[in-house]
Number of protein chains: 2
Amino acid sequence: MILKSQVEWALHCCAILAGLPEGRYLSTKALAEFHGLPKEYLSKALQSLSQAGLVHTTLGPSGGYRLAKAPAELTFLEIVEAVEGRSRTFVCTNIRANNPCRAPGYCEETPCAVARIMWEADEAWRDKLRNVRLSDLVEILSKEIPSDLWKRSFEWVLERAG
Amino acid sequence: MILKSQVEWALHCCAILAGLPEGRYLSTKALAEFHGLPKEYLSKALQSLSQAGLVHTTLGPSGGYRLAKAPAELTFLEIVEAVEGRSRTFVCTNIRANNPCRAPGYCEETPCAVARIMWEADEAWRDKLRNVRLSDLVEILSKEIPSDLWKRSFEWVLERAG
DNA sequence: CTATTAAGGACAAAAAATATCCCTATTTTT
DNA sequence: AAAAATAGGGATATTTTTTGTCCTTAATAG
């Protein structure tokens, strides 16, 4: 059970978009080049963000993406779910229904206890991601990344932002 | 990102094995029939439990599986990890290394901040599963399952246990 | 008018999940 | 001693998911 690589890509792209000045846009091409990713496939991840309403887009030259809200209002969970989907990691196929001792037509009203426990763990995972904001990530990165690299990256992006 | 169906199977099988009297064994065949699962493939899940040391096995007629420890000493996490593996759901491919602004030979010493955050969520998921014991599940099931079905299932298993 | 962009559909390749089959060594039962 | 049933595990096949490419369309800036 491994998350799509697009989740990693989307998070890093959002971190870049978070540093974009008001009203500017960054294209798929620039984001793919910056991260060394296949442009066409990264585009699918960005489309997922767009469909989820997390980013705004414009067409044409100087078009691209920008965040739809402030980094402090955007959670990790929103980004992860936009790309990975909202379904649970544990799927209950209700195998208890196959118990040969059961009355034939008997139908369970409540979800299986096994599923409920597994879903609680899923929810703990979501809770954790819901409590991390994109602005938290940016703050950590701004401290960790060498200031010259940070500055050069910022300039690199601005040169390409429409 | 969905857990293997074998995870569900293993949890239900452990719940059954938890009710097995001391010294008795239940075969793959019986477990597969009880849950309506493909015997050969369920066998792989049970082998994973065996390799993880969670169950004991014996060969020959009247052979099969029994728990290696008391249900109160066996956690959901142990069972899930035995089948699903211990790797994290988020894999960091270190795409920050592709940043064209970086010095060529520069090598990160610390894990990426994105990965650290995602791994914390993974750990919250594990913590939740670590704190549920197989005995907790059995207790819930014993309350939820109609007592006649519970009793008949118990008898069904005992008839087939070696 | 031209160049560039996002959106998205169609398709292909690779990887993982889900099986199935068969052989072996062991153990219980007959 | 023989027969039957078992776990273990290797080889292989099928299906689904992930990853990736290619191409068309509509919009937009210069």
Side-chain angles (χ1 to χ4, degrees), chain A residues 1-10 13 17 23-33 35-68 82-85 87 89-91 93 95 160-162, chain B residues 1-10 13 17 23-33 35-66 68 82-85 87 89-91 93 95 159-162:
Chain A
M1 183 185 62
I2 291 180
L3 287 161
K4 298 179 189 171
S5 56
Q6 287 188 339
V7 170
E8 180 187 19
W9 302 357
C13 285
L17 293 180
R24 311 283 296 275
Y25 289 82
L26 197 60
S27 69
T28 305
K29 188 184 169 198
L31 285 166
E33 191 182 343
H35 293 112
L37 300 174
K39 193 187 88 160
E40 305 279 2
Y41 192 37
L42 172 62
S43 170
K44 306 293 184 183
L46 298 173
Q47 284 174 38
S48 297
L49 296 179
S50 176
Q51 285 166 0
L54 307 184
V55 296
H56 280 161
T57 69
T58 58
L59 287 177
S62 83
Y65 298 87
R66 66 171 173 83
L67 294 183
V83 172
E84 185 66 42
S87 61
T89 69
F90 182 87
V91 174
T93 62
I95 62 174
R160 286 157 181 84
Chain B
M1 182 186 61
I2 292 180
L3 286 162
K4 299 179 190 171
S5 55
Q6 287 188 339
V7 170
E8 181 187 20
W9 303 355
C13 286
L17 294 180
R24 311 283 297 272
Y25 290 82
L26 197 59
S27 70
T28 305
K29 188 185 169 198
L31 286 166
E33 192 182 341
H35 294 111
L37 301 173
K39 193 186 89 159
E40 305 280 0
Y41 193 36
L42 172 63
S43 170
K44 304 295 186 187
L46 298 172
Q47 283 174 37
S48 295
L49 296 178
S50 175
Q51 284 166 2
L54 307 185
V55 296
H56 280 160
T57 69
T58 57
L59 288 177
S62 85
Y65 297 88
R66 67 173 174 83
V83 171
E84 185 66 41
S87 62
T89 69
F90 182 86
V91 174
T93 63
I95 62 174
E159 276 170 20
R160 286 156 183 86

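Numbers restart at 1 for each chain; the letters A, B, ... are given by sequence-line order, proteins then strands. Source: prediction; values computed, not measured.
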Phosphate-side-chain proximity, B/Ser43 and D/dA7, N/O vs OP1/OP2 below 4.0 Å: no
Which residues satisfy the side-chain contact (heavy atoms from CB on, under 4.5 Å) test with A/Ser43, sequence neighbours excluded?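 Only A/Thr28, A/Gln47 meet the side-chain contact (heavy atoms from CB on, under 4.5 Å) criterion with A/Ser43.
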Partner set under side-chain contact (heavy atoms from CB on, under 4.5 Å) for B/Ala30, not counting sequence neighbours: B/Leu26, B/Ser27, B/Trp156, B/Arg160
Within the structure provided, determine whether [X] and [Y] are in side-chain contact (heavy-atom separation under 4.5 Å).
X: B/Cys13; Y: B/Leu42; result: yes
X: A/Leu67; Y: A/Val55; result: yes
X: B/Val83; Y: B/Leu49; result: yes

Taking side chain to side chain donor-acceptor pair (under 3.5 Å) as the test, write out the residues that go with A/Gln6, two or more places apart. none
What is the base-pairing partner of C/dT30, counting Watson-Crick and G-U wobble geometry with both distances under 3.5 Å? D/dA1
Write out all pairs satisfying side-chain hydrogen bond (donor to acceptor under 3.5 Å, both in side chains) with one or both partners inside residues 50-64 of chain B, taking only residues at least two apart or from two chains. B/His56-B/Arg66
Given protein heavy atoms under 4.0 Å, the one-letter contact record of nucleotides 12-23 of chain C, with B base, S sugar-phosphate only and - none, is simply -----SBBBBB-
Take atom [atom1] of [X] and atom [atom2] of [N], then tell me their distance rounded to the nearest Å.
X: B/Arg66; N: D/dT6; atom1: CZ; atom2: P; value: 18 Å
X: B/Leu31; N: D/dA5; atom1: CG; atom2: C1'; value: 15 Å
X: B/Leu42; N: D/dG8; atom1: CG; atom2: P; value: 12 Å
X: A/Gln47; N: C/dA7; atom1: CD; atom2: P; value: 5 Å
X: A/Leu46; N: C/dA7; atom1: CG; atom2: P; value: 8 Å

Measure across A/Ala161 and A/Arg24 and return the closest heavy-atom pair with its distance rounded to 0.1 Å. O-NH2, 3.1 Å
Sorted by number, the residues of residues 49-65 of chain B with heavy-atom contact under 4.0 Å to DNA chain C: B/Leu59, B/Gly60, B/Pro61, B/Ser62
